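I am attaching a structure below and will ask some questions about it afterwards.
This is a predicted model, so every value here is computed, not measured. Just so you know, these numbers use all the heavy atoms, side chains as well, and skip hydrogens, waters and symmetry mates.
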Amino acid sequence: MNSEENNEIEIARFQDPGLPAHVHRKTDTDARAANRAERQVAALFLLSAVGTVGTIASYIFIDSKKFIYLPILGDTNAQQLALGTGLAASLFFIGIAAVHWAKTLMPDQEVIAERHEFRSSDEDRADFVATVKERAGAAGLGRRSLIKRSMGIALGLVGLSPLVLLRDLGPLPKNDFATTSWKAGTRLVTDPGDRPIKPSDLEVGAVAQVLPALPAGTERTLENVGKDAVLLIRIRPEDFNLDAQRLSWTHDGIIAFSKICSHMGCAVALYEQGTKHLLCPCHQSTFDVTRAAKVIFGPAARPLPQLALSLDSEGYLIAKQGFTEPVGPSFWERNSA
Amino acid sequence: MKKSEKVAGSVAGYVDDRTGAAAWAKKNLTKVFPDHWSFMLGEIALYSFVILLLSGVFLTFWFDPSQQEVIYNGSYSPLSHVAMSSSYASTLHISFDVRGGLLMRQIHHWAALIFLAAIVVHLLRVFFTGAFRKPREANWLIGIGLLTLGIVEGFLGYSLPDDLLSGTGVRIAEAIMQAIPVVGSYLSYFAFGGAFPGHVFIPRIYIVHVLLLPGIFLALITVHLMLVWYQKHTQYPGPGRKETNVVGYPLMPVYMAKAGGFFFIVFGITAFLGAVASINPIWLYGPYTPGQISAGSQPDWYMGWMDGLVRMAPPLETHAFGHTISWNILLPGLIIPGILFAGMAAYPFIEAWISGDNREHHLLDRPRNVPNRTALGAMSLSFMIIALANGGNDVIATHFHLTINGIMWFTRIGLFVVPPIVFIITKRICLSLQRADREIVLHGRETGRLVMTPDGEFLEVHEELTPEKKWTLTQHEQPVPIALPSKGSAWALSPKRVKDVLRSRMSEANATSVASPTESEARELESGHH
Amino acid sequence: MKPSRKRLTKFRRQRFAGPVLVVAALLTIGSAFSIASALPSAQKSEASAQSTLVGEGKQIFLRGCSSCHGLNAEGGAIAPSLIGVGAAAVDFQVGTGRMPMADMSQQAMRKKPIYDATQTAALAAYVASLAPGPAAVDPASLTWERDGNVAQGGALFRTNCAMCHNFAAQGGALSNGKYAPTLMGVEPQHIYEAMITGPQSMPKFSDKTITPAEKLSIIKWIKAAQSEPAIGGASLGRVGPVTEGLLVWTLGLGLLVAVAVWLAMKAR
């Protein structure tokens, strides 16, 4: 700021009294205090050494299966605790010693260093601009527009090949998001256990986590589970509030929904028997079982897809058909509300 | 000359013979750093990063980033013979069959939480004191970049063990990817090498977690520190501290000892946490499978605000022309975070545009003297805290006997209502603090001592402030609003005119302040007393 | 909210504690007397012993339960019918102290049982006599320590229970203030009874979908989780990252900032 220009204001304002006088510490004036500080620093360094010795000793001598009781923590693994506290002490006290040393025994007079404005002088700046212009002119970038344009094309395109090379990171999704392992006639089996289920196996108020029975010889993958998981719930048939089609997908009070949340794909398995609500523990979307998993709270925008149920000749529960809509979170190509 | 000095001399000579670095080294060893506790916050982040590198290298010796299924037969019996991925099994191995392995895992995870927390408080310090102003805008941007990458890096690390909790997190990340219009399902299939969860995601994020991102971190941190070094540190205003100087302690020996010592202290405290407090007990979560879930599934705190936003999002989806757009995912998962981070990055430039201030600043602001900025910061902070609270609504509900639905509605409404209120209150607090400064400079400090005047009147003794204190409280500039250019009709709504009006309005709001007392006022007051 | 509800509970407890104690004492003396008088004639048919038990249960029911559940356990406006819930449900609800309810809050919580084992058995016999239902579980028949498989129990727990009760059986939130309680310290027979009767918000887990052997495994896993030591240090409630984040922002950053303040302070 130009002080002459603002003379009037400057006079009226309070003045900077400058850096306060340096006050001596006890350790600056009293040799005994300085010696005491030295001993303190040394003691702190030695504490760190003790910590290291303790760490090594506990690594060698403490059985890693030994537990000791401590208040607050409870039964604690002795080796983990001793290694950790030893390591913590060996590090912490080096730091404390160094800082204590700096504070008490190293010079504590504050120093002033000058700063300079970063802006270069006007001549330097003009000089710089002139140089850049001159050199650019020497390359002929301004005049030779053919080079300029072709270079633009080349540089613009060169980034594409690495992008293309990433294409094989994975297959194309095709119709995968819309398909599951459920087909007409697929038996429902318990997860875990893989046992088929009869309607009589479920009392009113019961739930079962189920998966589709797989043809013999095929192994269940996590990718299957991620789309196939289903929750089976039995309520009193008169409690349903469904249209005729959805009611025909139930069997004697038993209703099945995809367990993969229509919001972000967590397992919606939290069934409240009293209210007949399903709750997703991830983001608390709440679905009403009696109304075909209609969303009654939370961020999910769509009901959970319902699986149509039927019985096979042996009386086991089967899917009447596959899911009629994609299960799980939404995606761009999804074509149903 | 002592022997050690001789050795040091000959080493220095050897180096200088080959580099000519003596003058440069001398200059930098006496470099001055101002001392203040709030200048150590960034150092906490830096040291946590070093701790993360060290403990992380240790973990890589045993960790197997593979999603191949194995049958566990390690020493943690509750999971004996359970099928799980190799990465989960090797994390169990580190936790139970490598001595000190669990300690290192816990140090690594605590250090990660401290790293991000320290970045956030460092950012708040820089924001509230105006340290981001010219010439430090670039360092502000690098800082925002580091925070963003830190969140990503943390999330990837949390995902590596492939336990039930982290797998749920990955599942949610996949849903966000899948929700991106047009390319979402392709992105997801490319990232996961097919259907979720697949067998390639963890090996892929592993290399990003241990090589790619740490490399970028190292580069960015280096530039961040070199800029601090080159531009010299900012300092708080006070007697003797000017825009043109820097007052503090020399690098050698004081700052070396303090900063070096502080590294060991940060490491020691992190190791202490790793020793006494359990973090991410993956053996309790179990291996990931998409059909399972635990109550209270949350991300680490630095993602918690985003999870909170996702939880409170309205159930909105657009279904049109055979396509679906999930606003309930895109809004809280990408759009709002994008706006927040873009706004944060743009702030230095917005403030400079509003104030029209194009000068260099090396003296920090006292937050009260910039009420609008301080209020804006407090407002943003309240937004984040409300979002974060909703991210833990289930735990809050069970521990304080509230309902998740109640907390959800409270935060849904609070997210819009509370920040503006916080803005207004903070601004008022700033202005009253300015008023209090003015009072105390002009009338001195109330001592609480009463004296009786000869007339029998009681007066409280006011102690005059020291000149140093008076200077500290009055040194700041009085903001001057940018006047509206009077050219043209006020009703002609050209874009330029709108821009001018907007700028002058905001500049006016920014300039709200209590006039700083002056020496002349103080003198006048004194003569009035007598 | 917490303190006020507690105070209320306490108040009610005090108000009812006296009369309930008197009734309990009389009943205990009464039943002891009847058992003592029954001893000489041990040949009495089992059926009549059973009917005595049912009779006693009915008396307790009329005094303690009928105001809400109706004189014939047919249910009322604020309480469900108990016809057909079986002895298992009674043993669970009364044995864990959930019934009688202390106050009309969202859901009955576990507390010190008001009725002793004999009275609970009598109540259970009475309710079981109304209509057939699952029988109370005899703790001696639950050989979970011998027959359970912890690892299998863990997998079953994570699929069927963890979504409400949390990964470490610490409990969790349900909608509208309801909650799944912690399973720490719950008697094995009560865990078993809860699975077959589905108390309150909890669904039933039929023996066909989760076999009795599998249920024993679940119990064994819960007991293992309960006795699991603090392997990595303080457990922080085993509720996941929320408490970890809280600790970092309080203790972690608190310590670090405190040291930073000390570090930047001038020595005197």
With a 4.5 angstrom heavy-atom cut-off, could you sort out which part of A:Phe118 is near chain B: side chain, backbone, both or neither?
->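 Both the backbone and the side chain of A:Phe118 come within 4.5 Å of chain B.
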Side chains of A:Glu333 and B:Thr324: closer than 4.5 Å at any heavy-atom pair?
->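 Not in contact.
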Test item: B:Tyr186 and A:Trp332 side chains (from C-beta on) under 4.5 Å apart, heavy atoms =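 B:Tyr186 vs A:Trp332: side chains apart.
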Distance-only, no hydrogens or angles: does the A:Gln209 side chain make a donor-acceptor pair with backbone N or O of B:Gly291 under 3.5 Å?
->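 No, the answer is negative, given that no donor and acceptor are paired below the 3.5 Å cut-off.
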Between B:Asp307 and A:Cys282, what is the shortest heavy-atom contact and its length?
->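 Taking B:Asp307 first and A:Cys282 second, the nearest heavy atoms are OD2-O, 4.3 Å.
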Determine the minimum heavy-atom distance between B:Tyr249 and A:Asp108, stating which atoms define it.
->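 Shortest heavy-atom separation between B:Tyr249 and A:Asp108 comes out as CE2-O, 3.3 Å.
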For A:Cys266 against B:Ile293, the heavy-atom pair lying closest together =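 Minimum heavy-atom contact is CB-CD1, 4.0 Å.
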Search all heavy atoms of B:Phe190 against all heavy atoms of A:Pro171 and return the closest pair with its distance.
->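 Taking B:Phe190 first and A:Pro171 second, the nearest heavy atoms are CE2-O, 4.0 Å.
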How about A:Leu222 and B:Gln67: do any of their side-chain heavy atoms sit closer than 4.5 Å?
->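 Not in contact.
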Any donor and acceptor pair, going by atom type alone, linking the side chain of B:Arg204 with main-chain N or O of A:Leu169 inside 3.5 Å?
->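 Side chain of B:Arg204 to backbone of A:Leu169: a pair is present.
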Distance from A:Phe93 atom CZ to B:Ile265 atom CD1, nearest 0.5 Å?
->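 Output value for this atom pair is 10.5 Å.
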Between the main-chain N or O of A:Gln79 and the side-chain N or O of B:Arg99, is there a donor-acceptor pair closer than 3.5 Å?
->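 Judged by distance alone, no pair lies under 3.5 Å.
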Backbone N or O of B:Asn245 within a donor-acceptor pair of the A:Arg115 side chain at under 3.5 Å?
->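 Yes, because the side chain of A:Arg115 sits within donor-acceptor range (under 3.5 Å) of the backbone of B:Asn245.
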Considering only heavy atoms, which portion of B:Leu103 lies under 4.5 Å from any heavy atom of chain A: side chain, backbone, both, or neither?
->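 For B:Leu103, heavy atoms of backbone and side chain both lie under 4.5 Å from chain A.
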